[in-house]
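Structure first, then comments.
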Amino acid sequence: MQAHVSAAPQRHLLTIAVEDYFQAVAFRKLIASSQWYRFEQRVERNTLRTLDLLDEFGVKATFFALGWVADEMPEVLREVAARGHEVASKGYYHRTIQEMTPPEFREDVQRSREAIERATGTRVVGYRIARGRIGREDLWALDVLADEGFAYDSSFYPRAFSTVAEPSQRFQFTHHHAQQRIEEFPLATWALPGGMLIPIAGGAYLRQFPHALISRAIDHWVRHQSSPLVMYFHVWELDPEPPKITAAPGHTQLRQYRNVEKMPAILRHYLQRYAFEPIREHMGLAPQAVQPPAKSTIHAEVVHRAPTAQRKPVTLVIPCFNEQKVLPYLANTLRKVASDFDASYELSYVFVDDGSSDDTWQMLQTQFASFERCEFVRHEVNRGVAAAILTGIRAAQTEIVCSIDCDCTYDPHQLRELIPKLEDGVAVVTASPYHPSGRVLNVPGWRLFLSRGLSFLYRRRFRQKLHTYTSCFRVYRRSEVAHLELRETGFLGVAEMLVQLDREGKRIVEQPAVLEVRLLGQSKMKLLRTIRGHLRLLARMTMDGRKPTAKQTAITSAEEPRRR
């Protein structure tokens, strides 16, 4: 038996997730919430596109928003509320029920609700889990929501045979807990012969399945079910040019990007065909103004900036080659680094455009125009990453120079651990993901095998035994390396720099580090060519090792008269 709240069952429920492209479920294994600040934020423009689309048809909807979005961009949710839509909670971060204990879930629910109410000034009465779904085994979550005073939840997504034991849970139902009750609005499904349920509610299903099939399934629900159909989509699905997370495997990219360009037309079909309303309105609940809670300062960190004389001057060298798509990501990362390092280091920047053929040079001027102590250098032709790093080192005005990857595959915050290792007598500190205490995240196993194999071969030829020889993420003592002349100026030159310093008797220190897969754009490294080059370099090192160095020749010449 189905529960009914609305007197107009043919008014259906349109729900919209307010989240950015990098917060999508498809990327949950690649992108942690701690990395969100790095990405170009597109949620505002995509939310405005969504609002304009709904205005075309005079439709009001429920927008489920992340608390993080409410805190970072409160003006977005204020605009949603101002246009007459309901704003409900989707949790603070993009976490599943299975990732949280009941106390952690309660804390997340409270924090997200406070953030949204602070942004909109309107009471939040609805909730949807940010990721995954709430099933029959997760009813404790509805208990928590009922305790917290929520009027409804919309996290159930029946599939396969999950509702065989409780067929009524495929439709709107009431959950009782102690003296409270909470309405559940499951997302719509299609029942195949035999009782198997197929999700049809929206999002990827609207884009991936044939339109005729999904349209027929939705029409079947509307004609045969008295419970309202609950449809959803994400605001990023209306982005005409969504940034590509290139690190995602092929099937993930297919799920995320396929038919996105068709989404506006698909939604117009349903907005024209059916009547929709917000869940709050469906339940007969009027918007309730609340006094927005003040933002908590419990976790606020007070940073005391040291006088300039006590802060170490450090230059960051960033080589760039055809990186226009990555530069917004880099700029956001470096702004955070500058803020976090401000108490201890006075940062300068040297950006080296290594002969880019795209708009990298122009975008560098735009993205980093507001940065202090910033210099731009350009190679007229592409000379390779090692040459670009040396150009940046020579252009630096400080003794401590750090080279970082433009794609931030090494989080620049790790310089906190590297810079202090540049003690007196140390020429270079190099990041080492292959160190026993280092880590590599999401990099394919075959590539790791090859990289570790090359490191093993280098270690056999080096006087100083390191675990990683090919990292561009390093801290240099400028006076010890600016003189280097490299035969290999590309990726091989990064290893050759250590070769030369090692043969000169300079001290090299490695620091365990975390290497992550590149998320945006394409790697410039040609893997097989690079491997052949490293083997060639190792062979040359072996031959050169049998020849006397200039220093050894000078010593021999000086001793020759005494031998006579």
Side-chain angles (χ1 to χ4, degrees), residues 21-22 38-40 42 239-248 250 253 257 261 315-335 349-371 374-396 401-410 412 443 447 470-474 484-497 516-534 536-537:
Y21 65 99
F22 51 84
R38 299 183 185 182
F39 290 86
E40 176 191 9
R42 301 168 72 90
D239 194 330
E241 296 181 351
K244 298 296 192 296
I245 307 298
T246 52
Q253 295 201 39
Y257 303 119
E261 71 282 357
T315 298
L316 304 188
V317 171
I318 305 99
C320 307
F321 175 58
N322 290 343
E323 297 286 11
Q324 67 177 63
K325 293 182 179 179
V326 173
L327 293 182
Y329 180 87
L330 173 66
N332 290 337
T333 303
L334 291 184
R335 287 188 188 95
Y349 308 87
V350 177
F351 294 91
V352 182
D353 178 8
D354 188 27
S356 296
S357 57
D358 63 1
D359 291 331
T360 293
W361 179 248
Q362 292 76 16
M363 285 194 65
L364 281 171
Q365 325 291 317
T366 302
Q367 290 288 335
F368 300 97
S370 62
F371 280 56
C374 191
E375 183 176 352
F376 304 98
V377 183
R378 190 178 192 183
H379 291 168
E380 290 303 319
V381 296
N382 178 246
R383 294 168 53 191
V385 64
I389 290 172
L390 269 180
T391 294
I393 290 172
R394 291 165 182 158
V401 182
C402 309
S403 62
I404 70 172
D405 298 86
C406 186
D407 57 16
C408 298
T409 47
Y410 292 94
V443 175
R447 183 167 178 173
T470 55
S471 169
C472 295
F473 188 52
R474 293 175 182 168
L484 293 178
E485 296 293 337
L486 302 177
R487 289 175 59 177
E488 306 285 353
T489 58
F491 288 102
L492 299 181
V494 176
E496 188 185 3
M497 292 170 76
E516 303 174 62
V517 69
R518 180 183 176 118
L519 295 173
L520 298 167
Q522 300 296 329
S523 172
K524 309 304 184 297
M525 181 185 294
K526 306 300 181 184
L527 192 61
L528 294 179
R529 184 189 304 172
T530 301
I531 290 172
R532 288 196 298 268
H534 278 295
R536 186 183 71 247
L537 178 58

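The structure presented is a predicted model; accordingly, all values stated were derived computationally and were not measured. Positions are given from 1, in the same order as the sequence printed here.
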Option from [options] for which side chain to side chain contact (heavy atoms under 4.5 Å, CB included) with [X] holds:
X      : options                : result
Thr391 : Asp354, Val317, Val377 : Val377
Asp405 : Cys472, Pro319, Pro412 : Cys472
Cys320 : Val352, Val326, Leu364 : Leu364

Pairwise distance [atom1]([X]) to [atom2]([Y]) - rounded to 0.5 angstrom:
X      : Y      : atom1 : atom2 : value
Gln365 : Asp359 : CD    : CG    : 11.5 Å
Leu327 : Thr333 : CG    : OG1   : 11.0 Å
Arg474 : Ile389 : CZ    : CD1   : 7.0 Å
Phe351 : Leu330 : CZ    : CG    : 5.5 Å
Ile318 : Phe376 : CD1   : CZ    : 9.5 Å

Test item: Glu496 side-chain N/O and Arg487 main-chain N/O as donor-acceptor pair under 3.5 Å: yes
Qualifying residues under salt bridge (Lys or Arg N to Asp or Glu O under 4.0 Å), relative to Glu40, sequence neighbours excluded: Arg42, Arg45
Phe368 and Tyr349 aromatic centres sub-6.0 Å: no
Contacts of type side chain to side chain donor-acceptor pair (under 3.5 Å), residue Ser357, not counting sequence neighbours: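 Listed in chain order: Asn322.
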Passing candidate, salt bridge (charged side-chain N to carboxylate O under 4.0 Å, His left out) with Asp407, options Arg518, Lys325, Arg38: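 Single pass found, and it is Arg518.
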With Thr489 via side-chain contact (heavy atoms from CB on, under 4.5 Å) - residues at least two apart: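 Here the qualifying residues are Ala387.
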Test side-chain contact (heavy atoms from CB on, under 4.5 Å) applied to Gln253 - qualifying residues, sequence neighbours left out: Ala248, Tyr257
Less than 4.5 Å apart, any side-chain heavy atom of [X] and any of [Y]?
X      : Y      : value
Trp361 : Ser356 : no
Leu520 : Ile245 : yes
Met363 : Asp358 : no
Ile404 : Leu334 : yes

All ring-ring contact (aromatic ring centres under 6.0 Å, His included) counterparts of Tyr21, not counting sequence neighbours: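 Here no residue qualifies.
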All pairs passing salt bridge (Lys or Arg N to Asp or Glu O under 4.0 Å) where residues 385-396 contributes a residue, at least two apart: Arg394-Glu485
Parallel, tilted or perpendicular: rings of Phe39 and Tyr329 (30°, 60°):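 Because their plane-to-plane angle is over 60°, the rings of Tyr329 and Phe39 count as perpendicular.
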Full working for side-chain contact (heavy atoms from CB on, under 4.5 Å) between Leu519 and Val517: CA-CA 6 Å; Leu519 295 173; Val517 69; 4.2 Å; yes
Minimum heavy-atom distance Met497-Leu390, with the two atoms named: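 Closest approach of Met497 to Leu390: CE-CD2, 4.2 Å.
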Closest heavy-atom pair and its distance - Gln367, Ala331: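 Closest approach of Gln367 to Ala331, heavy atoms only: OE1-CB, 3.6 Å.
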